[in-house]
Amino acid sequence: MNKEKIYTWYKLANNINELQFPESGLTEIEMGGKKICISLHKEQLFASAAKCPHAGGKMSEGYIDALGNIVCPVHRYKYCLQNGRNSSGEGYFLKTYPIEKRDDGVYIGIEEGGILNWIK
């Protein structure tokens, strides 16, 4: 059974320039009741879970490497910003969220229902 994901879209800002990032390019926000790590890499925004799936490291305290991976500050596990796949070989997966630039602003999509979506 392959159901299409349904998202609730939340406005992050009117434009990308309104968003404030430290030198690391990583910041944490709370949106839709979830803590989310927002990444800015090469003028492109990405969103992922705020905590590393391995040991719960705060991803916003990590960094983005030269290949465009977000790196956990605890054990240096690396994850692809685009899809959350572990790129350092440990087999973990970092949840990602879609970001859209629209005429009226920048939005993040949070999936409705999550694990209990099958109840609908």
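Note that the numbering runs from 1 along the sequence shown for the chain.
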Any non-hydrogen side-chain atom of [X] less than 4.5 Å from a side-chain atom of [Y]?
{"X": "Tyr107", "Y": "Pro98", "result": "no"}
{"X": "Thr96", "Y": "Gln82", "result": "no"}
{"X": "Cys37", "Y": "Leu26", "result": "yes"}
{"X": "Asn83", "Y": "Leu94", "result": "no"}
{"X": "Met59", "Y": "Lys51", "result": "no"}
{"X": "His54", "Y": "Glu90", "result": "no"}
{"X": "Val106", "Y": "Leu45", "result": "yes"}
{"X": "Ile70", "Y": "Asp65", "result": "no"}

State the [atom1]-[atom2] distance between [X] and [Y], to the nearest 0.5 angstrom.
{"X": "Asn69", "Y": "Leu81", "atom1": "CG", "atom2": "CG", "result": "7.0 Å"}
{"X": "Cys72", "Y": "Lys78", "atom1": "SG", "atom2": "NZ", "result": "12.5 Å"}
{"X": "Glu100", "Y": "Arg102", "atom1": "CD", "atom2": "CZ", "result": "4.5 Å"}
{"X": "Ile16", "Y": "Phe21", "atom1": "CD1", "atom2": "CZ", "result": "7.0 Å"}
{"X": "Ser24", "Y": "Ile64", "atom1": "OG", "atom2": "CD1", "result": "7.0 Å"}
{"X": "Leu19", "Y": "Thr27", "atom1": "CG", "atom2": "OG1", "result": "9.0 Å"}

Can you establish whether the number of heavy atoms outside [X] located under 6.0 Å from its atom [atom1] is more than 12?
{"X": "Lys95", "atom1": "NZ", "value": "yes"}
{"X": "Gln20", "atom1": "CD", "value": "no"}
{"X": "Lys11", "atom1": "NZ", "value": "yes"}

How close do [X] and [Y] get, heavy atom to heavy atom, and via which atoms?
{"X": "Pro53", "Y": "Phe93", "value": "CG-O, 3.3 Å"}
{"X": "Ser48", "Y": "Ile36", "value": "O-CG2, 3.3 Å"}
{"X": "Phe46", "Y": "Ile99", "value": "C-CD1, 3.7 Å"}
{"X": "Glu43", "Y": "Lys101", "value": "O-NZ, 3.7 Å"}
{"X": "Glu61", "Y": "Pro73", "value": "O-CB, 3.6 Å"}

Self-check item: Pi-cation contact, Tyr79 with Arg85 (under 6.0 Å, within 45°)
Solution: no

Practice problem: Kindly indicate whether a cation-pi arrangement holds for Lys5 with Tyr7, taking the cut-offs as under 6.0 Å to the six-membered ring centre and within 45° of the axis. | Solution: no

Quiz prompt | Shared hydrophobic cluster for Trp9 and Tyr97 (ILVMFWY, side-chain gaps under 4.5 Å) | solution = no

Exercise. Just say parallel, tilted or perpendicular for the rings of Tyr92 and Tyr77, cut-offs at 30° and 60°.
Key: tilted

